[in-house]
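To start, the structure itself, in structure tokens.
Both backbone and side-chain heavy atoms feed into the values below; hydrogens, waters and symmetry mates do not.
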Amino acid sequence: MARRPAPARKRRAPPDVVQFLVVLAGTDPLVWRRIQVPERYSFWDLHVAIQDAMGWKDCHLHEFLVMDSRTARGTRIGIPDEDFPDERPTLPGWEVPITPRLTHGSEPARYRYDFGDDWNHLLVFEDMLPSGGGRSPRCIAGAGACPPEDVGGTHGYAEFLRVVADPHHPEHQSMLTWAGGAFDPHAFEPTRVQFDDPGARWEHAFAPPDDPRPRPRTKIAAGQAIPVALTERERDLVLAHTFGDPDLARAFDAANRQGTTLVVDVTLDDLDDLLGHVAAAANHCEKPKLRRELQALHERLADEMERWDDGQ
């Protein structure tokens, strides 16, 4: 009697989604997220996913510290410092894949954001899963609102929560205004997280400058409004650190959202006034990190102004 062949084993689809738990250390109430990202991701891609899931605005430096369980040595991965490459050796995140450094049996890693406020996130590998055709990255769980940028780290955040919870505190209203008008430390909904394209974010941060030759200007009528695209952080810098015309401030506060970009309509005269205010704020700023942000905003708005010609 002929021997029947053994039934062929069904091959499981190769795992192509990596699941991480991200916990923001030192927060109360605890801020955490559970995310799934493609296995092919680099550490730069993972950085963008963490930023978007947490609710940060990606306006400060970051780094991963990944531990090798065999040697107990850590490797920094992020944005190398070209001025001091030997003092703080860091691998460029866009060149380093997350696997096999973060996989089964790997030690929890640290994700550090904003070297001034020093937000430390614990990054725990949880599983590798078949995608099943589902979209990724995605946030599947989490709790706690993201702290405001530049609030002063965990200690500053604790003081911020104390002030906004006390209507009788003398800084209660000004602190709420600074935070956007309201703040609920427990507010978070995973389904509302929107993930940016890591490649587009990289291009925005590191793309080489355009051709330095003068560009032809677009002619517009005198007094005609032009659309100026901003990040949320740039809009916040304008509202919090400049002293422009009230109508201009209201225009920035009511900027139209287009995806992850905010668009405000202003005239060239308004933009020229704003440039002066941003320059003054940068010149009088005593915080180096904030001063650099204001200087970068000034350069971007000046470049925007050079695109147009209203005949004046």
Open item on the list: Can you give me the closest heavy-atom contact between Ala53 and Phe188, atom names plus distance?
Closed with: O-CE1, 3.7 Å
Task: Distance-minimising heavy-atom pair for Val193 and Asp52 - done: CG1-O, 3.7 Å
Open item on the list: Once rounded to the nearest 0.5 Å, what's the spacing between atom CG of Leu294 and atom CG of Leu237?
Closed with: 5.5 Å
- [ ] Apply salt bridge (Lys or Arg N to Asp or Glu O under 4.0 Å) to Arg40 and list each qualifying residue two or more places apart in sequence or on a separate chain.
- [x] none
Open item on the list: Using side-chain heavy atoms (C-beta onward) and a distance below 4.5 Å, is Asp309 in contact with Ile220?
Closed with: no
Only distances under 3.5 Å count here; give the side-chain donor-acceptor pairs of residues 136-144 to other protein atoms, sequence neighbours excluded, each with its distance to 0.1 Å.
{"from": "Arg138", "atom 1": "NE", "to": "Gln36", "atom 2": "OE1", "distance (Å)": "3.0"}
{"from": "Arg138", "atom 1": "NH2", "to": "Gln36", "atom 2": "OE1", "distance (Å)": "3.2"}

Task: Spacing of Glu126 atom CD and Leu102 atom CG [to the nearest 0.5 Å] - done: 12.5 Å
TODO: Report yes or no: do Leu65 and Phe43 belong to one cluster of Ile/Leu/Val/Met/Phe/Trp/Tyr joined by side chain heavy-atom distances under 4.5 Å?
DONE: no
Task: Phe64 side chain reached by His47 side chain, heavy atoms, under 4.5 Å - done: yes
Open item on the list: Given 3.5 Å as the limit, does a donor-acceptor pair link the side chain of Arg33 with the main chain of Met54, or not?
Closed with: yes
Open item on the list: Checking Asp269 now: which residues fulfil salt bridge (Lys or Arg N to Asp or Glu O under 4.0 Å) with it, not counting sequence neighbours?
Closed with: none
Task: Non-hydrogen side-chain atoms of Val264 and Leu230 separated by less than 4.5 Å - done: yes
Task: All ring pair (Phe, Tyr, Trp, His ring centres under 6.0 Å) counterparts of Tyr41, not counting sequence neighbours - done: none
Open item on the list: Counting C-beta onward and ignoring hydrogens, is there a side-chain heavy-atom pair between Gln19 and Leu129 closer than 4.5 Å?
Closed with: yes
Task: Qualifying residues under side-chain contact (heavy atoms from CB on, under 4.5 Å), relative to Asp197, sequence neighbours excluded - done: Ala200
TODO: Apply the test side-chain contact (heavy atoms from CB on, under 4.5 Å) to residues Trp119 and Val151: give CA-CA distance (whole Å), side-chain angles for both, the deciding distance (0.1 Å), then the verdict.
DONE: CA-CA 11 Å; Trp119 296 106; Val151 77; 3.6 Å; yes
Open item on the list: For the CD1 atom of Ile77 and the OG1 atom of Thr90, what is their distance to the nearest 0.5 Å?
Closed with: 9.5 Å
TODO: Anything under 30° is parallel, anything over 60° is perpendicular, the rest tilted; go ahead and classify Tyr113 against Trp56.
DONE: tilted
Open item on the list: For a quick test of reading the model, state the closest non-hydrogen atom pair linking Val263 to Pro227 and the distance between them.
Closed with: CG1-CB, 3.8 Å
Open item on the list: Checking Ile226 against Leu271 for the side-chain contact (heavy atoms from CB on, under 4.5 Å) test, could you report, in this order, the C-alpha distance in whole Å, the side-chain angles of both residues, the deciding distance, and whether it holds?
Closed with: CA-CA 10 Å; Ile226 59 170; Leu271 194 53; 4.2 Å; yes
Task: Phe183: partners by ring pair (Phe, Tyr, Trp, His ring centres under 6.0 Å), with sequence neighbours left out - done: Phe160
TODO: Please name the pair of heavy atoms, one in Asp16 and one in Pro130, separated by the smallest distance, quoted to 0.1 Å.
DONE: OD1-C, 3.6 Å
Task: Hydrophobic cluster membership, Leu91 vs Met67, 4.5 Å side-chain cutoff - done: no
- [ ] Kindly compute the distance separating CZ (Arg307) from CG (Leu268), expressed to the nearest 0.5 Å.
- [x] 11.0 Å
- [ ] With sequence neighbours excluded, give me every side chain to side chain donor-acceptor pair (under 3.5 Å) pair touching residues 161-189.
- [x] Glu159-Arg162, Glu189-Thr191
Open item on the list: Tell me whether Gln51 contacts the main-chain N or O of Asp58 through its side chain, where contact means a donor paired with an acceptor under 3.5 Å.
Closed with: yes
TODO: Take Asp272 and Leu274 through the test side-chain contact (heavy atoms from CB on, under 4.5 Å) and record every step on the way to the result.
DONE: CA-CA 5 Å; Asp272 190 40; Leu274 181 61; over 6 Å; no
Task: ring pair (Phe, Tyr, Trp, His ring centres under 6.0 Å) partners for His298, two or more places apart - done: none
Open item on the list: If you compare all heavy atoms of Thr267 against all heavy atoms of Gly223, which two are closest, and at what distance to 0.1 Å?
Closed with: CG2-O, 3.3 Å
Task: Residues clustered with Leu21, ILVMFWY side-chain links under 4.5 angstrom - done: Val23, Leu30, Trp32, Leu122, Val124
Task: Pair listing, salt bridge (Lys or Arg N to Asp or Glu O under 4.0 Å) test, anchored in residues 233-242, at least two apart - done: Lys57-Asp236, Asp150-Arg233, Arg233-Glu293, Glu234-Arg300
- [ ] Side-chain contact test, heavy atoms from C-beta onward, threshold under 4.5 Å: evaluate it for Cys146 versus Leu24 and give yes or no.
- [x] no
Open item on the list: Are the side chains of Cys59 and Glu149 in contact, using a 4.5 Å heavy-atom criterion?
Closed with: yes
Open item on the list: Using ring centroids (six-membered ring only for Trp), state whether His60 and Phe115 fall under 6.0 Å.
Closed with: no
Task: Verdict with reasoning, Asp68 to Arg73, per salt bridge (charged side-chain N to carboxylate O under 4.0 Å, His left out) - done: CA-CA 6 Å; Asp68 189 324; Arg73 297 180 62 180; over 6 Å; no
Open item on the list: Walk me through whether Val17 and Asp127 qualify under side-chain contact (heavy atoms from CB on, under 4.5 Å).
Closed with: CA-CA 8 Å; Val17 169; Asp127 206 353; over 6 Å; no
Task: Main-chain N/O of Pro100 paired with Thr103 side-chain donor or acceptor, under 3.5 Å - done: no
Task: Taking every non-hydrogen atom, the tightest pair across Glu39 and Thr99 - done: O-OG1, 3.7 Å
Open item on the list: Can you classify the ring geometry of Trp94 versus Trp44 as parallel (below 30°), tilted (30 to 60°) or perpendicular (above 60°)?
Closed with: perpendicular
Open item on the list: Within this structure, what is the CG-CG distance for the pair Asn120 and Asp114, rounded to the nearest 0.5 Å?
Closed with: 10.5 Å
Task: Phe20: ring pair (Phe, Tyr, Trp, His ring centres under 6.0 Å) partners, not counting sequence neighbours - done: none
- [ ] Answer whether the closest heavy-atom distance between the side chains of His121 and Arg112 falls below 4.5 Å.
- [x] no
Task: Flag side-chain contact, heavy atom, 4.5 Å: Ile35 against Leu46 - done: yes
TODO: Find the distance between CD (Glu306) and OG1 (Thr218) and round it off to the nearest 0.5 Å.
DONE: 12.0 Å
Task: Pairing residues for Ser42 by the side-chain hydrogen bond (donor to acceptor under 3.5 Å, both in side chains) criterion, not counting sequence neighbours - done: Asp45
